[in-house]
Each structure stands twice: as C-alpha cells, then as structure tokens.
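By convention in this document, chain letters (A, B, ...) are assigned in the order of the sequence lines, proteins followed by strands, and residues within each chain are numbered from 1. Since this is a predicted model, take the numbers as computed values, not measurements.
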Amino acid sequence: MIRVRFAPSPTGYLHVGGARTALFDWLFARKNGGKFVLRIEDTDTQRSTKESERSIIEDLKWCGLDWDEGPDVGGEFGPYRQSDRVKFEMYDEPLNELLKSKKAYHAIYEIDDPKKMIKKTYSGSEAKEYRKKGHSVTVNFKISKGKTVFEDIAKGKMEFDNSTFDDLVIVKSNGYPTYNFAVVVDDHLMQISHVVRGEDHLTNTPKQIMIYEALGWELPKFMHIPLILGPDGTPLSKRHGGTSVDHFRAHGIMSKAFVNYLALLGWGIEAEIFNPIKRINDFRLENISPKPVIFDYAKLEWMNGQHMRKMPIEILVKEFREWSQKYSLSSLKWFEEASYTENVFEICRQKVNDLMILRDFAEPFFDGELNFDEKAKNILDSSHSQLYLSSALTAIKDIHDWSVEKVEKAIRTVAEKEEISKKKFFQILRVAVLGKTVTPGLFESIYVLGRERTVLRIENVLNGKEI
RNA sequence: GCCCUCAUCGUCUAGUGGUCUAGGACACCGGCCUUUCACGCCGGCGGCUGGGGUUCGAAUCCCCAUGAGGGCGCCA
C-alpha cells in the first residue's frame, strides 16, 4: 500500500513550493491507488497558530486536493496534529528505547547559558534533578560512526559521511520532540511508504535514517523535489511579488490555472494547458525535473487567461462570485440577472487574464454611478462631443431588432453622416456609455448593455455637468 | 568554512551517442486583424556554462573547474 503525506508546519501561509510538493504527493498517491495523508507539524509552540492551519487547509482544498486522513477528517493512524500526538505520549516509547539502548542521552546545560552543555547522562532521574535545579535539559541522539547511504528516487544514490553531522537534539527542553525525531516516529507509525518532500530536507534525511536504524524500523522510500526560486534565481520571496497561494488567489488567479502551472513546473509532460487531475495516469515521480525552477509570474498570468477563455461561462461566473465574496470586492446585486452577467463576462473574458482585471472590465456594466477618469472626461469635453452623442442617441433609439450587427451598422452610419473619424467617435461613445477608454468591443458592449441602459447613460452624459 | 544537490534559449521544457545547422511554450521584437485594450494568426530574436577526456561520432558518457540552490537550530 502506497502512503504519502504532506506535512506543513502551521507557521504561515501555504507557500507555492509547498503547494507544488503537496500536488505531487497527491498525484503520486492517486496514480497508485494509495493514500494521501495530511499531518500538521506544530511542534514549534511559539510560532504555530490555528489560523495558519486553517488557511493552509483552505488553500490546499482550493487547489483541488483532498486527503484520506488528516486533522479534519480523522483516520486510523491519528491524531494528525503533532501537538496532539505529544499529548497522547506517542513519542515516549521510541524515545525511551533510544535512551535505554544508549543511542540517545540527556544533555544538561549551564543554568545561565542554555547553549553550553555541561554534562551528558543516560540516567533519567539524574536529568530530572538537574531540571529541578533550573538547568535546561534536552535529549540528544548520538550520531554513529560510518556512512549513511540511501537511494533518492530523483537523485539516485546518496552517500553521507556521518562525521559531518553533530549529535542532534530530539527532545527540546520544553519536552516537545524536534522535527527530525517527530517525522521519523510519525512516518513510521503512520506507515508512510514514500516520503516525498522539498529538497531543503535532503540533508535531514541521513539523520532521520540513523534514527530509523537505531529503532530498527523499516525505511520508507525518499524523494526530494527541487525548490522554487524567484525570477532572479534567489529563493522566491515577497519582494518578487508574493509567495503564498493566497497571494495569487487574491490577485485573481484561478485554481485550475494555478494548479496547471504548478504541475507544469517540473513535470515533463507534453502538454501546456491541461488539468493535472485528468492526467493522473501520466504522472511519474521519476519524470519530475531535478533542478530548481524559477517561478514565472507572466506565464501563470497567461495560463490563467487561457483557462478563463476556455471554461464554461457559468463556471467563470461562479469562480468570480466566490472570489469576490472571499475578498469582499463586490456585492451580490451584480449577479441578479444570470444571463446578463454571463453575457457581460463573455465579452470581457476575451480581453483579460485574471479576475481582478475582469472585475475592472465588468464593473461599468452593472448598475451604479459611472466613474469618469481624467482621460474619459477629456474625451467627453472634446469639441462637438455633445452633437455626436445626440446623433448616436437618436440612431440607437431607432434600431429595430436589437443585435450586435444592427448596433454596429447604426453607429457606423452616424460616424459617416457626421464626418467624424471613427476612432474619435467610437471613443466618445465608449466613454459615455462605459466611463472608460479601455473596454470590451464597443458594439458588443452596447448590445449587451441593452438599449435601455445605453440610452439612459448617453442621456446622463448629455444632461450632466460633465459637458 | 564543511557537506549535499543541480546545470539545454531570459523562463519552463523536449532531447537519453548519429534523425540536432537542438523542437515546443511563456516573455520579448516585428507584421496582420482592428473602434480602445486585448485575444487570435503569421514571422523573428534567442540556448547545449567552460575545459579536458572516451568515441569514427557527444547536448547526450567520464573527470575537473565555474556558477546556482540547499543544509550544517531546543525552525520545520
């Protein structure tokens, strides 16, 4: 049985690198009919927060991932939060075994200097005495002599000389297990068969393997996937434009496109726009590129646009509604007329690549005051604009059989009759009707807006203070 | 400093000893379309990090150098 896990620490938002790792874990589990488990590694009592755990879970779900076992869904190997596992004393037995076999020892530190070790002891009672006197005491794992060798699925044979490692703290002075100890115990108890994680854990692996061996436990298979870097080749950070999944969500990237892009980063698949979930059968861990990848914001944006234009319009509207509600960007009155909304989105989606810009394009189509910016005001103030607009108004009122073609014909006719350049005339009309200089196609816009709204808007401009 | 990993256009990649004067996508540049902005279409620019080997033949195999990333926490 293949069992993989994603084990984030709830100390911040879900990072795009984490999301990609989780995606690959998930893909691997699903491809092989295995189990995907979510485990929360919150042994850092200072930095872990419930809010962070909540948002990580939400973002993972947003990415379309689901798990068979986890803190929210339970499972037979629970609990799935390390702090809970501490409460259940799940780390005590292996710890005592290491102590008993003298593969780990209590380290006693100077009272005023918790960095300076003054004594090692195997006696638990002696350690207790020191603790009572105010010393910090940790349990450290003894690194043995020799070499540690393992096979990494991506990188092949890995060999480490144990002398390059120092003894490692496995239980902190506050009693909590450290990462390197907790992962080993949990992965073993949860019967994880494949540890697929970020490359930042590569050199932790030999340390963990030594613990597995000291406990006489069977090793899982390991695979380390490369990290994601920013456009300048340094680790992806806020200064590059955002690193969290939430950042991209907030900026109007859609789940489908985001996951598509993450999958493309490193997955040697002969496709560009695709749904990773539908390509599970083509997924192989061995195909994942072994080199660090640079996150390309522009390509993600392009990909988002591709998905926006390809998806059924009602899905787009639904995604937009969820997005705007989550980020409190608009009210529900926008969506009262479903078919009108779909028509608006249909003409807007042709020209934008993310939900944020889609919102800018769609906004003027919905009821409310038009906000004319400087550029728009200048166009409305240009000579004879009033005259042109009243001609357009008359023409629009006279159109029979409202259609895009009829609208176009009527407007072009006015331009010819008034002997004004189409470019100029169309801009005046565009601004009068939508308040902006950049909009979807003019004729489509007027058609979608409908005669009533169009007429009203032109009349508002003609009667307004603008002119 | 020590240890580990990686190395094809600016970016993501195809390529696994001859079919490579290295293919695709994004970006960029130019053109077309055109009512704005885009989308779309067409075209262009652009790469095997360097040096040694192995071989009749190397982007592909080996070694060294260089560069980049990671690790060396009572963080994970």
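- Residue A:F425 is out of contact with every strand shown, counting any heavy-atom pair closer than 4.0 Å.
- Not one side-chain nitrogen or oxygen of A:Q208 sits closer than 4.0 Å to the OP1 or OP2 atom of B:rG71.
- For B:rC75, one of the phosphate oxygens OP1 or OP2 lies less than 4.0 angstrom from a side-chain nitrogen or oxygen of A:K172.
- Other residues, nucleotides and ligands place no more than 12 heavy atoms under 6.0 Å from the NZ atom of A:K375.
- Regarding A:L202, its CG atom lies at a distance of 19 Å from the P atom of B:rC2, rounded to whole Å.
- Here the C1' atom of nucleotide B:rC12 and the CD1 atom of A:I228 are 12 Å apart, to the nearest Å.
- At the heavy-atom level, A:F443 lies under 4.0 Å from base atoms of the strands shown.
- The CZ atom of A:F77 sits 9.0 Å away from atom CG of A:L189, with the distance rounded to the nearest 0.5 Å.
- As the counterpart of B:rC61, B:rG53 is assigned, both hydrogen-bonding distances of the Watson-Crick or G-U wobble pattern falling under 3.5 Å.
- Across all strands, A:P231 comes closer than 4.0 Å to no nucleic acid atom at all (heavy-atom distances).
- Between A:I396 and the options A:V414, A:V407, A:I458, a side-chain contact (heavy atoms from CB on, under 4.5 Å) holds for only A:I458.
- Using a 4.0 Å cut-off between a side-chain N of Lys or Arg and a carboxylate O of Asp or Glu, A:K299 and A:E272 qualify as a salt bridge.
- Across all strands shown, A:K207 has heavy atoms under 4.0 Å from sugar-phosphate atoms exclusively, and none from any base.
- If you measure from atom CG of A:N304 to atom P of B:rC39, you get 13 Å, rounded to the nearest angstrom.
- No contact: A:Q82 has no heavy atom under 4.0 Å from any strand.
- For A:T178, whose side chain is taken as the heavy atoms from C-beta onward, the closest listed nucleotide among B:rG69, B:rC4, B:rC74 is B:rC74.
- For the P atoms, the distance linking B:rA22 with B:rC62 amounts to 24 Å, nearest Å.
- Atom P of B:rG30 sits at a distance of 49 Å from the matching atom of B:rC4, rounded to the whole Å.
- Within the nucleic acid shown, A:R47 comes within 4.0 Å of at least one base atom, counting heavy atoms only.
- A:T164 comes within contact range of the sugar-phosphate backbone alone, with a heavy-atom separation under 4.0 Å but no base atom that close.
- Nucleotide B:rC48 forms no Watson-Crick or G-U wobble pair with any nucleotide shown, as no partner meets the under 3.5 Å limit on both distances.
- We find that CD1 of A:I143 is positioned 14 Å from C1' of B:rG71, with the value rounded to whole Å.
- When distances run from any side-chain atom of A:P235 to the nucleotides B:rU36, B:rC12, B:rG70, the shortest one goes to B:rG70.
- For RNA chain B, the neighbouring residues in residues 287-303 of chain A, judged by any heavy atom under 4.0 Å, are A:S289, A:P290, A:K291, A:P292, A:V293, A:I294, A:D296, A:A298, A:K299, A:W302.
- Other residues, nucleotides and ligands place no more than 12 heavy atoms under 6.0 Å from the CG atom of A:N371.
- B:rU35: no Watson-Crick or G-U partner with both key distances under 3.5 Å is found in any strand.
- The line from CD of A:Q82 to OG of A:S9 is 9.5 Å long, rounded to the nearest 0.5 Å.
- Comparing A:F160 and A:L229 by the nucleotide of RNA chain B that holds the closest heavy atom to each, the one mapping nearer the 5' end is A:F160.
- Residue A:T203 places no side-chain atom within donor-acceptor reach of the base of B:rC4, judged by atom type and a 3.5 Å distance cut-off alone.
- Within the nucleic acid shown, A:K155 comes within 4.0 Å of sugar-phosphate atoms alone, with no base atom in reach, counting heavy atoms only.
- Comparing B:rG50 with B:rC45, their C1' atoms sit 25 Å apart, to the nearest whole Å.
- Across all strands shown, A:G198 has no heavy atoms under 4.0 Å from either base or sugar-phosphate atoms.
- Of the P atoms belonging to B:rC41 and B:rU54, the separation is 50 Å, rounded to the nearest Å.
- Separation of the C1' atoms belonging to B:rU21 and B:rC39 is 35 Å when rounded to the nearest angstrom.
- We find that CD of A:E199 is positioned 14 Å from C1' of B:rC3, with the value rounded to whole Å.
- In this structure, A:P206 reaches neither bases nor backbone, as no heavy-atom distance under 4.0 Å exists between it and the strands shown.
- Along RNA chain B, the nucleotide nearest to A:R309 and the one nearest to A:V171 differ in position, and the one closer to the 5' end is contacted by A:R309.
- Residue A:H224 is classed as having no contact, given no heavy-atom separation below 4.0 Å to the nucleic acid.
- Geometrically, A:K133 engages A:Y130 in a cation-pi contact defined by less than 6.0 Å to the ring centre and at most 45° from the axis.
- Taking the C1' atoms as reference points, B:rA68 lies 24 Å from B:rC75, given to the whole Å.
- Between the NE2 atom of A:H201 and the C1' atom of B:rC4 there is a distance of 15 Å, given to the nearest Å.
- More than 12 heavy atoms of other residues, nucleotides or ligands lie within 6.0 Å of CZ in A:F366, so this atom counts as buried by the packing criterion.
- For B:rC26, the paired nucleotide is B:rG10, the pair qualifying as Watson-Crick or G-U wobble because both relevant distances are below 3.5 Å.
- Here the P atom of nucleotide B:rG70 and the CZ atom of A:F222 are 22 Å apart, to the nearest Å.
- Below the 3.5 angstrom threshold, one finds a donor paired with an acceptor across the side chain of A:N204 and the base of B:rA76.
- Between A:Q350 atom CD and B:rU36 atom P there is a gap of 17 Å when expressed in whole angstrom units.
- Each of B:rC74, B:rA76, B:rC4 was ranked by its minimum atom distance to the side chain of A:M158; first place goes to B:rC4.
- As the counterpart of B:rA68, B:rU5 is assigned, both hydrogen-bonding distances of the Watson-Crick or G-U wobble pattern falling under 3.5 Å.
- Straight-line distance between the P atoms of B:rA14 and B:rU49: roughly 15 Å, to the nearest whole Å.
- The same atom, P, is picked in B:rG67 and in B:rC61; the two are 23 Å apart, to the nearest Å.
- Under 3.5 Å, the side chains of A:R239 and A:T234 contain a donor-acceptor pair of N or O atoms.
- Using a 4.0 Å cut-off between charged side-chain N and carboxylate O, A:R279 and A:E270 make a salt bridge.
- The distance from atom OG1 of A:T43 to atom CD1 of A:I40, rounded to the nearest 0.5 Å, is 12.0 Å.
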